[in-house]
Structure formats: structure tokens, C-alpha cells
Chemist: 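Have a look at this one before I ask anything.
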Amino acid sequence: MSDTLLGFHWLLEMHGIQLVQPLHTRSRLGAMRQREIADGQETLTWPQQYRPADNFRGHFEFGLKYERLSFEFFSRLFARMDPEMLASWVKDEPTGRYARRTAFFYEWFTGRQLDVPDTAPNVGYVDAIDASQYLAAPVAENNRRWRVRNNLPGRREFCPMLYLGTPEQRQWLYDVAAGVQSLDDTYGPELLLRSAAWLTFKESRASFAIEHEADKQDRVKRFAAAIAAYSGRMNDPMAPEQLLKLQQTVLGEAALRVGLRQSPVFVGERSFGNEIVHYIAPSEALVGEMLDALRGFETRTRGASPVARAAAVSFAFVYLHPLADGNGRIHRFLINHLLAADGVVPPNIIVPVSATIAGSAKGRADYDRALEVFSRPFMQAYADAYRFGPKRTCPDLVETNFEFLRAEDAEHAWRYPDLTEQAHYLSGVLRQTVEQEMAQEALALRRYDHARESIKNLVEMPDPDADHIIRSLKENGWQVSNSLRKALPQIFTEEGAFYGRHEQIISAVRAVFEDE
């Protein structure tokens, strides 16, 4: 082992731990203190005076002080370390804040109790994690044994983590509420509300396009109806009965499989007769308890950063893949639902993130990369840990021959994913969606209103006729098509009563849409 490593990396090598998601911070000894960032990884160099004692307590305390936390690392480390190393630290420093936090973490992650007495009741409480840097529970629970405020965002069964950075480092977190308010100020609330119905349908259609099912119009309409009915209006979306209702609404009455899955699942594709596995979801035996813990995560983090919450809950849901069908659509539904539930956007306003994702090849590629932040290293770690064996029938009557051989080891990664990069990704998508997709839709509506008004100033007519003129002229490069002449001969044929105004109508409509 290199004698220059410090902190969590020292412990990682000392215990021979292999992680799915690598530690973000690597600390080492050097001549002077400095920080370098490369490929998203942080390297910290520390002069000799910072070097801790070369034992568990020295390097773990160093990591708590100076490095970014990794719950997967904590879980794997505590599962294999000798608890006496920690017990002796607590006995030596019974009131030490780092010893108490570490003891709390040990018992929380392992479910085992250290053979040491409780902390004296006159010792002040300390937070488990720094709420100024991590997504944390705004309302903490006091752990009296260690005098630690448990502000962890989830439970031991499932606790994704998300690093927000210090307050001055959070420029990446998009203020969705301010962005929507800016649209409201620019275009007016009435126009924004009118765009909501089309944006809802657009979100539904794009969500199916992501799954290569955009041509299923009945499904698109059904999902749009589910978005309109439930987004921002479910008080507990992962409660079993509410999740089932949402799933049934999304899938329709003809769905073959609803409810929680009771069989193994992997995301992959078939190529030349072979299965290519891109991701293996948690074992079916874990789904119930992990989904319930994710429900607790959503409840515990209410009042925290809305964008971070939406990212953590929605991506955690898709990695858990808890349902027999509909996981991808509900994953994207949760983004809008949580933004509305947190009061960032009104419940009747949809932020069509799926339209941004599906709107370009780059959008799809970026979305895939965001999903692969966890799935790719997971599959690299377990590339030889699955096989296709004899067929068997699962309790939900699914026939499968898929077997995953290292589920117990993978639990450390499944239960404690770091979703920081996914939050950065979603924040960027939300910014693009509000400032481009939604702004363009509002602008288009306003232009249609102005064009319709310009037409009616020349010839009074019902709105559908005016809209027909606008659409036809735009689609045909400001030329009058034969179908338009047949539909409105009074204006666009020489025998028509209003033929003399057709050039004015064309010029007026064109001017509205070409005026930037």
C-alpha cells in the first residue's frame, strides 16, 4: 500500500475494498496543500503536519473532516472491520464528536451495537452529515445513545446520497420557480396556463418516445391524463395503494402485470441471439423494503432543495425498478410531481423534461449517460456475476432463466448510490426545458394569438378558420395551398367576396411569425 495515501483511500486499500462507485476524493501527502480536479475526481495534497495516525481512527477522522462521504464505502468498511477498533476509539474519546459520529454510522449501517456505554447526557448533539453540503433531512431525529442528530436523508434499507456543495458552490442548482415566474412575467399567467395542456401531451408523447413507443397514441393520451390528474396532487406517491393507482392509470386496464415485481430484472438488449446486460436491478426479495425506504426518503427530505429531491427520488426509483411494468414513465412522472408538490411550479403547469430528452440525439445520449453513471460501473464490477441457466417460474408467474450470483455483495451499492451527477444532469435539463421548450411554446401561442387577431381585423371569422389559415401558410412557406383555397374560397379564390384582402392576410400572418 502506498504510504502517501490518507483518509478514506488509506482505509480502502488497507481493507482491500472494491467499490462500484469510486471515492470522489483522494488524499495524499505532498510538499504543499493543493486541490486538483480531473475527470470529476478530486485529489487533495496535504503537507506532513496534516498526516493522521496510521490506524482506523486516525484516517477515518481525517476523512470525516476533509473528504467527501461515500455511503457505499461506509457500508462495505463497517461490514468487514473489527468493531473493537471503533469501540476502543469511543472508550478513549467518549465525548469526541468524530468518534461519536463514527459509532453512530457503524450501528446505523450494520444494525449491530457496539459494546460501549451510551454517551453522557450532558454532551451536546452533533449532526450526522453536514446539511450545508449534502441533501439531508431538514427535521433530524435525535440519537440519544451517541448524542447525534440523525439527519440522514433515508433509512438503512435504502439511502441514496447527494452532494450539493457549499452554498457558494451551488450555482449549478437551477431555480425552477424563478424560471417559471420569469415566463409568467413575460407571457402572462393566462398564456402559460393555456400552454399547459399541450405541454402535458408533449411530455407524455416524449416519455414514450424515449422508450421507442411514440406511435402508441392511446397510451400517450392515457399517460397525459395521468400526469394531469396526479402530478403535484398525490400526498404520498410511493405508498402502495397510490403507486398502484398511478401504475394502473398509466398502463391501462389491459396491462398484463401490475404491482411490485417478484422476479429478477435486468435492463438490456438482444444482439445476434445473445442477451447484452446493461444493468441489473436489486433482487426481488429486496424490492419491498427498499421501496418503503425510498418512500421514507421522499418524506424525510421534504423542505430540502426541490431539484435535488426530484433527482434523488426519481433516479433512485428507476435504479430500484420496483414495478412489474411502467418504471421509466413513473420515474419521469416523479420529477414533475415532486416539483409541483414542493410548490416550485403550480400543479397545473408541466415542465416537459421528456421533450428535452427526446428532442435530439444529444438529449437522448445525455440521458443515457446520466443513467450510466451508476449502471456502467455496476456492470463493470459484476460483469462475471450473472448467468442464464434453467428456466423457472417466479411468484408473479414470470418465467426467467436469469441468475445473479453476487446479490449480497451488490447490496452495498444498490442501497447506497451516490446520485450527485444525476442531480447536476437534471438541473441542466430543467434549465433547458423552462428557458427553451416552455418559452418557445409560450411564444408560439402568443404569436398565434397575434396572427389570429390580425386576420380578424381584416375578415371576421371563427377561430378554427383563422387557425387553419395560420397553420397552412406556415407549413407551405407563406404560399396558398390548394386545400386552403378549397376550404376558404371566399378569401383565396378570385370569385370570393373577400379575395381582395388575401394578400393583406398573408402579409399580416407572416409579419407576426418573422418578427423576432
Chemist: Please say whether more than 12 non-hydrogen atoms of neighbouring residues, nucleotides or ligands are located less than 6.0 Å from CG in Asp92.
Modeler: yes
Chemist: Return the SG to CD distance between Cys394 and Gln262, rounded to the nearest 0.5 Å.
Modeler: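 One gets 9.0 Å once the value is rounded to the nearest 0.5 Å.
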Chemist: For Arg144, look at atom CZ and say whether over 12 heavy atoms of other residues, nucleotides or ligands are found less than 6.0 Å away.
Modeler: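 Atom CZ in Arg144 is not crowded, with 12 or fewer foreign heavy atoms closer than 6.0 Å.
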Chemist: Let me confirm one number: the CD-CG distance from Gln18 to Leu12, rounded to the nearest 0.5 Å.
Modeler: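 That separation rounds to 7.5 Å.
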Chemist: Considering non-hydrogen atoms only, spot the tightest contact between Arg302 and Asp236 and give its length.
Modeler: NH2-CA, 4.3 Å
Chemist: Using the salt bridge (Lys or Arg N to Asp or Glu O under 4.0 Å) rule, take Asp418 and Arg68 through it: C-alpha gap first, then chi angles, then the decisive distance, then the call.
Modeler: CA-CA 11 Å; Asp418 187 317; Arg68 209 166 103 179; 3.5 Å; yes
Chemist: Decide if the gap between the ring center of Tyr230 and the ring center of His337 is smaller than 6.0 angstrom.
Modeler: no
Chemist: Does the side chain of Leu86 come within less than 4.5 Å of Phe60's, by heavy atoms?
Modeler: no
Chemist: Are Ser231 and Asn336 close enough, and set up right, to give a side chain to side chain donor-acceptor pair (under 3.5 Å), and what steps lead you there?
Modeler: CA-CA 6 Å; Ser231 183; Asn336 263 295; 5.0 Å; no
Chemist: Starting at CZ of Phe315, measure out to CG of Leu426 and round the result to the nearest 0.5 Å.
Modeler: 6.0 Å
Chemist: Using a strict threshold of under 4.0 Å (side-chain N to carboxylate O), is an ion pair present between Glu107 and Arg156?
Modeler: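 Salt bridge flag = no for Glu107 with Arg156.
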Chemist: Heavy atoms only: give me the nearest His9-Thr25 pair and the separation to one decimal.
Modeler: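 Minimum heavy-atom separation between His9 and Thr25: CD2-O, 3.3 Å.
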Chemist: With the side chain counted from C-beta on, respond yes when Gln432 and Val429 share a heavy-atom pair under 4.5 Å apart, and no when they do not.
Modeler: no
Chemist: To the nearest 0.5 Å, what is the distance between CG on Leu339 and CZ on Arg309?
Modeler: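 Reported value, rounded in 0.5 Å steps: 9.5 Å.
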Chemist: What class does the angle between the rings of Phe105 and Phe71 fall in, given that below 30° is parallel, 30 to 60° is tilted and above 60° is perpendicular?
Modeler: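 Taking Phe71 first and then Phe105, their aromatic rings sit tilted (interplane angle of 30° to 60°).
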Chemist: Between Arg387 (side chain) and Gly389 (backbone), is there a donor-acceptor pair under 3.5 Å?
Modeler: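 Not confirmed, Arg387 side chain does not pair with Gly389 backbone.
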Chemist: Could you check whether Arg155 pairs with Asp292 (Lys NZ or Arg NE/NH1/NH2 to Asp/Glu carboxylate O, under 4.0 Å)?
Modeler: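 Salt bridge between Arg155 and Asp292, a charged N being under 4.0 Å from a carboxylate O: yes.
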Chemist: Between Ser132 and Thr166, is a side-chain contact (heavy atoms from CB on, under 4.5 Å) present by the stated rule, with each step listed?
Modeler: CA-CA 6 Å; Ser132 71; Thr166 59; 5.8 Å; no
Chemist: Count the heavy atoms of every other residue, nucleotide or ligand shown that sit under 6.0 Å from CZ of Arg97, and state whether that count exceeds 12.
Modeler: no
Chemist: Between the main-chain N or O of Val139 and the side-chain N or O of Arg149, is there a donor-acceptor pair closer than 3.5 Å?
Modeler: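 Judged by distance alone, no pair lies under 3.5 Å.
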Chemist: I'd like to know whether the aromatic ring centres of Tyr134 and Tyr163 sit less than 6.0 Å apart in this structure.
Modeler: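 Centroid distance Tyr134-Tyr163: below 6.0 Å, so yes.
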Chemist: Regarding Tyr382 and Asp409, is there a side-chain donor-to-acceptor distance under 3.5 Å anywhere?
Modeler: yes
Chemist: Between Cys159 and Pro153, is there a side-chain heavy-atom distance shorter than 4.5 Å?
Modeler: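 Yes; the side chains approach each other to less than 4.5 Å.
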Chemist: Heavy atoms only: give me the nearest His59-Ala53 pair and the separation to one decimal.
Modeler: CD2-O, 3.2 Å
Chemist: Salt bridge between Lys362 and Asp366, side-chain N to carboxylate O under 4.0 Å?
Modeler: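 Asp366 and Lys362: salt-bridged.
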Chemist: Does Glu421 reach the main-chain N or O of Val373 with its side chain, forming a donor-acceptor pair under 3.5 Å?
Modeler: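 Pair absent, no side-chain N/O of Glu421 close to backbone of Val373.
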Chemist: Evaluate the criterion salt bridge (Lys or Arg N to Asp or Glu O under 4.0 Å) for residue pair Arg26 and Glu42; output intermediate values, then yes/no.
Modeler: CA-CA 6 Å; Arg26 180 184 180 90; Glu42 174 185 59; over 6 Å; no
Chemist: With a 6.0 Å cut-off on ring centres, are Phe402 and Phe266 close enough?
Modeler: yes
Chemist: Assess the residue pair Gln242 and Asn235 against the criterion (side chain to side chain donor-acceptor pair (under 3.5 Å)); give the C-alpha distance rounded to whole Å, side-chain angles, the decisive distance to 0.1 Å, and a yes or no.
Modeler: CA-CA 9 Å; Gln242 293 199 34; Asn235 63 339; 2.6 Å; yes
Chemist: Using the rule side chain to side chain contact (heavy atoms under 4.5 Å, CB included), only one of Thr356, Asp175, Val351 pairs with Leu430; which is it?
Modeler: Val351
Chemist: I want to know whether Trp414 and Phe378 have ring centres closer than 6.0 Å.
Modeler: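 Centroid separation for Trp414 and Phe378: below 6.0 Å.
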Chemist: Minimum heavy-atom separation for Met438 to Ile350, with atom names?
Modeler: CE-O, 3.8 Å
Chemist: Can you tell me how far NZ of Lys91 sits from CG of Leu114, rounded to the nearest 0.5 angstrom?
Modeler: 9.5 Å
Chemist: How about Phe8 and Phe74: are their ring centres within less than 6.0 Å of each other?
Modeler: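 Under 6.0 Å, so yes.
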Chemist: Looking at every non-hydrogen atom in both residues, tell me the closest pair between Ser70 and Met161 and how far apart they are.
Modeler: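 Looking at all heavy atoms of both residues, the closest pair is CA-SD, 3.9 Å.
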Chemist: Check this for me: Arg376, atom CZ, are more than 12 non-hydrogen atoms of other residues, nucleotides or ligands nearer than 6.0 Å?
Modeler: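 Open.
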Chemist: Parallel under 30°, tilted from 30 to 60°, perpendicular over 60°: which one fits the rings of Trp172 and His424?
Modeler: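 Aromatic pair Trp172/His424 classed parallel.
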Chemist: Out of Glu241, Met234, Met238, Arg329, which residue meets the side chain to side chain contact (heavy atoms under 4.5 Å, CB included) rule with Leu246?
Modeler: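 It is Met234, the one option of Glu241, Met234, Met238, Arg329 that forms the side chain to side chain contact (heavy atoms under 4.5 Å, CB included) with Leu246.
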Chemist: When you look at Phe78 and Tyr106, which way does the ring pair (Phe, Tyr, Trp, His ring centres under 6.0 Å) test go after all the steps?
Modeler: CA-CA 6 Å; Phe78 293 145; Tyr106 176 86; 5.7 Å; yes
Chemist: In sequence, state the C-alpha distance, the side-chain angles, and the governing distance for Ser375 and Glu372, and then conclude on side chain to side chain donor-acceptor pair (under 3.5 Å).
Modeler: CA-CA 5 Å; Ser375 65; Glu372 288 171 359; 5.7 Å; no
Chemist: Side-chain contact, heavy-atom cut-off 4.5 Å: Pro264 with Thr400?
Modeler: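 They are in contact (side-chain heavy atoms under 4.5 Å apart), so the answer is yes.
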Chemist: Is Glu289 paired with Arg415 through a side-chain N to carboxylate O contact shorter than 4.0 Å?
Modeler: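 Yes, charged N to carboxylate O under 4.0 Å.
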Chemist: Do other residues, nucleotides or ligands put more than 12 heavy atoms under 6.0 Å from Glu36 CD?
Modeler: yes
Chemist: Arg76 and Glu411: salt bridge (Lys or Arg N to Asp or Glu O under 4.0 Å), yes or no, with the steps?
Modeler: CA-CA 10 Å; Arg76 292 185 186 275; Glu411 282 189 41; over 6 Å; no
Chemist: One pair to check against ring pair (Phe, Tyr, Trp, His ring centres under 6.0 Å): Phe62 and Tyr66. What are the steps and the verdict?
Modeler: CA-CA 6 Å; Phe62 180 95; Tyr66 302 119; 4.9 Å; yes
Chemist: Using the side chain to side chain contact (heavy atoms under 4.5 Å, CB included) definition, which of the options His412, Arg80, Met81 pairs with Ile17?
Modeler: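 For Ile17, the side chain to side chain contact (heavy atoms under 4.5 Å, CB included) test succeeds with only one of His412, Arg80, Met81, which is Arg80.
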Chemist: Return the orientation label for the Tyr416 and Trp108 ring planes: parallel under 30°, perpendicular over 60°, tilted otherwise.
Modeler: tilted
Chemist: State whether the side chain of Glu399 and the backbone N or O of Arg392 hold a donor-acceptor pair below 3.5 Å, judged by distance alone.
Modeler: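 Flag not set: sc Glu399 to bb Arg392 has no pair under 3.5 Å.
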Chemist: Mind listing the closest non-hydrogen atom pair of Leu397 and Thr393 along with its distance?
Modeler: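 Answer, listing the atom of Leu397 first, then Thr393: CA-CG2, 3.8 Å.
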Chemist: Do Glu72 and Ser75 have side-chain N/O donor and acceptor atoms under 3.5 Å apart?
Modeler: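 There is no such pair between these side chains.
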Chemist: Strictly distance-based, threshold 3.5 Å: is any side-chain N or O of Ser427 a donor or acceptor partner for the main-chain N or O of Ala423?
Modeler: no
Chemist: In Å, rounded to the nearest 0.5 Å, how long is the span from OG1 of Thr102 to OH of Tyr98?
Modeler: 10.0 Å
Chemist: Quick one, Ser314 and Tyr319 - any side-chain contact, counting heavy atoms below 4.5 Å?
Modeler: no
